[in-house]
Amino acid sequence: MSSTRELHVITSGRHSLDDAMRMAEAAYAGGMNFLHIREKQRTAKECMDWVKALSNVIPLSSLIMNDRVDVAAASGCAGAHLAYHSLSPAEARMVLKTGQKIGRSVHSVVEAQEAIAAKVDYLLYGHIFASGSKPGLAPRGTIELAQMTARWHVPIIGLGGITPDRTAQLLEAGCAGIAVLSGITDATDAKSAASAYREALDRWEGK
């Protein structure tokens, strides 16, 4: 991961490829670093089509494929992001090319410890604030997050209910960046939405 505080955007599975391309191009212009293609209902071929099409509007090196390690390896995108039902990091490493990143979603210190032992490149931790995509689930807040960032040097990206106004709280807790879903994917103007997050990330003057 770069030294810049990172802005990750995650696709919703609810938009067409055309809509996703418009959103991605606008969000990238607004300061997004990585787009996670998280399209659980799509086939490997459809996911590959998404990578190819999206790489026409933003760099291939800014695309991360969620779960589909085969598509990540075949496309040569930035890497693969693993969920609990995905291949293990060690298995993914056997498939991916040298230099491709492996990320892992974690929800606790124990899960983080396991992922770090498996030598992932970054962690996605959440959900931190109450989130429309996780109704009824209590948010995890930033206390455990701060414990994790103090303990490990692996970049941790915070996720869940993050607004530009709340971004500083995550950076205060030691996050290397933030991941946003509907705050950008559902915005009428994805460029200005991404810019607001980018500005909040860049403005923070803490450690």
Side-chain angles (χ1 to χ4, degrees), residues 1-4 6-17 20-21 23-25 27-28 32-127 133 148-149 151-160 175-181 185:
M1 307 305 251
S2 66
S3 56
T4 318
E6 291 181 352
L7 175 56
H8 293 235
V9 178
I10 301 174
T11 68
S12 66
R14 289 182 287 105
H15 294 97
S16 68
L17 176 53
M21 286 172 71
M23 180 278 294
E25 189 171 16
Y28 187 77
M32 169 184 77
N33 300 99
F34 291 101
L35 179 71
H36 294 239
I37 302 172
R38 185 171 181 267
E39 297 291 314
K40 295 193 254 192
Q41 76 288 16
R42 301 191 194 277
T43 64
K45 182 187 183 306
E46 287 171 325
C47 287
M48 184 59 105
D49 290 343
W50 274 56
V51 177
K52 286 177 179 168
L54 284 159
S55 69
N56 289 319
V57 294
I58 70 172
L60 186 62
S61 58
S62 289
L63 289 169
I64 293 175
M65 189 67 225
N66 190 287
D67 186 38
R68 298 301 307 235
V69 176
D70 51 350
V71 175
S75 69
C77 67
H81 186 81
L82 308 176
Y84 68 91
H85 57 260
S86 304
L87 294 180
S88 71
E91 290 160 344
R93 189 74 69 198
M94 293 166 75
V95 181
L96 292 172
K97 297 180 170 73
T98 308
Q100 285 187 297
K101 298 178 195 304
I102 293 180
R104 183 85 162 75
S105 292
V106 297
H107 309 92
S108 67
V109 169
V110 173
E111 286 182 14
Q113 193 161 15
E114 288 170 1
I116 288 166
K119 297 190 166 44
V120 297
D121 297 295
Y122 71 92
L123 298 174
L124 206 56
Y125 173 80
H127 65 292
S133 62
M148 288 160 61
T149 61
R151 186 170 168 186
W152 294 299
H153 293 301
V154 171
I156 300 177
I157 307 296
L159 165 79
C175 266
I178 58 171
V180 180
L181 287 87
T185 61

Exam field: side chain Q41 to backbone G13, donor-acceptor pair closer than 3.5 Å
yes
For A24, give me all partners under side chain to side chain contact (heavy atoms under 4.5 Å, CB included), at least two apart in sequence or on another chain.
L35, L54, I58
Provide the closest heavy-atom pair for L123 versus A115 in the form atom of the first, atom of the second, distance.
CD2-CB, 3.5 Å
Show me the pairs that pass ring pair (Phe, Tyr, Trp, His ring centres under 6.0 Å) and involve residues 53-75, at least two apart or across chains.
none
Tell me which pairs pass salt bridge (charged side-chain N to carboxylate O under 4.0 Å, His left out) where either residue lies in residues 43-62, with sequence neighbours left out.
K45-D49
With the side chain counted from C-beta on, respond yes when C175 and Y125 share a heavy-atom pair under 4.5 Å apart, and no when they do not.
no
Closest contact, heavy atoms only, W50 versus R42
CZ2-NE, 3.3 Å
Sequence neighbours excluded and cut-off under 3.5 Å, please list the side-chain donor-acceptor pairs for residues 71-80, or say none.
from	atom 1	to	atom 2	distance (Å)
S75	OG	V71	O	2.9
S75	OG	A72	O	3.3
S75	OG	C77	N	3.3

side-chain contact (heavy atoms from CB on, under 4.5 Å) with I37: of D67, V51, N66, only one passes, and it is V51
Under 4.5 Å between any side-chain heavy atoms of S55 and L63, yes or no?
yes
Below 4.5 Å, heavy atoms only, C-beta onward: do L7 and I178 meet side chain to side chain?
yes
So which atom in S86 and which in A83 form the shortest heavy-atom distance, rounded to 0.1 Å?
OG-N, 2.8 Å
So, using salt bridge (Lys or Arg N to Asp or Glu O under 4.0 Å) as the criterion, who are the partners of R151 when residues are at least two apart?
none
Measure the shortest side-chain to side-chain distance between L82 and V120 over non-hydrogen atoms and say whether it is less than 4.5 angstrom.
no
To the nearest 0.5 angstrom, please state how far the CE atom of M32 sits from the NE2 atom of H8.
10.5 Å
Side chain to side chain donor-acceptor pair (under 3.5 Å) against T185, all qualifying residues, sequence neighbours excluded:
none
OG of S105 to CG of L159, rounded to nearest 0.5 Å, is 7.0 Å
Surrounding NE2 of H85 (heavy atoms of other residues, nucleotides or ligands, distance under 6.0 Å), is the total greater than 12?
yes
Looking at OG1 of T11 and CD of E39, how far apart are the two atoms once the value is rounded to the nearest 0.5 Å?
3.5 Å
Ring pair (Phe, Tyr, Trp, His ring centres under 6.0 Å) contacts in which one or both residues fall within residues 61-82, not counting sequence neighbours
H36-H81, H81-Y122
Can you tell me how far CE of M65 sits from CE of M48, rounded to the nearest 0.5 angstrom?
9.5 Å
Applied to residues 73-97, the salt bridge (charged side-chain N to carboxylate O under 4.0 Å, His left out) test, sequence neighbours excluded, yields R93-D121
Can you name the residues that form a salt bridge (Lys or Arg N to Asp or Glu O under 4.0 Å) with E25, not counting sequence neighbours?
none
Out of curiosity, H107 NE2 to L124 CG, how far, rounded to the nearest 0.5 Å?
8.0 Å
Please enumerate all residues that pass salt bridge (Lys or Arg N to Asp or Glu O under 4.0 Å) together with D70, with sequence neighbours excluded.
R68
Sequence-distant partners of S61, side chain to side chain donor-acceptor pair (under 3.5 Å), two or more places apart
none
According to side chain to side chain donor-acceptor pair (under 3.5 Å), who are the partners of E114, at least two apart in sequence or on a separate chain?
none
When rounded to the nearest 0.5 angstrom, what is the spacing between CD1 in I156 and CD1 in I116?
6.0 Å
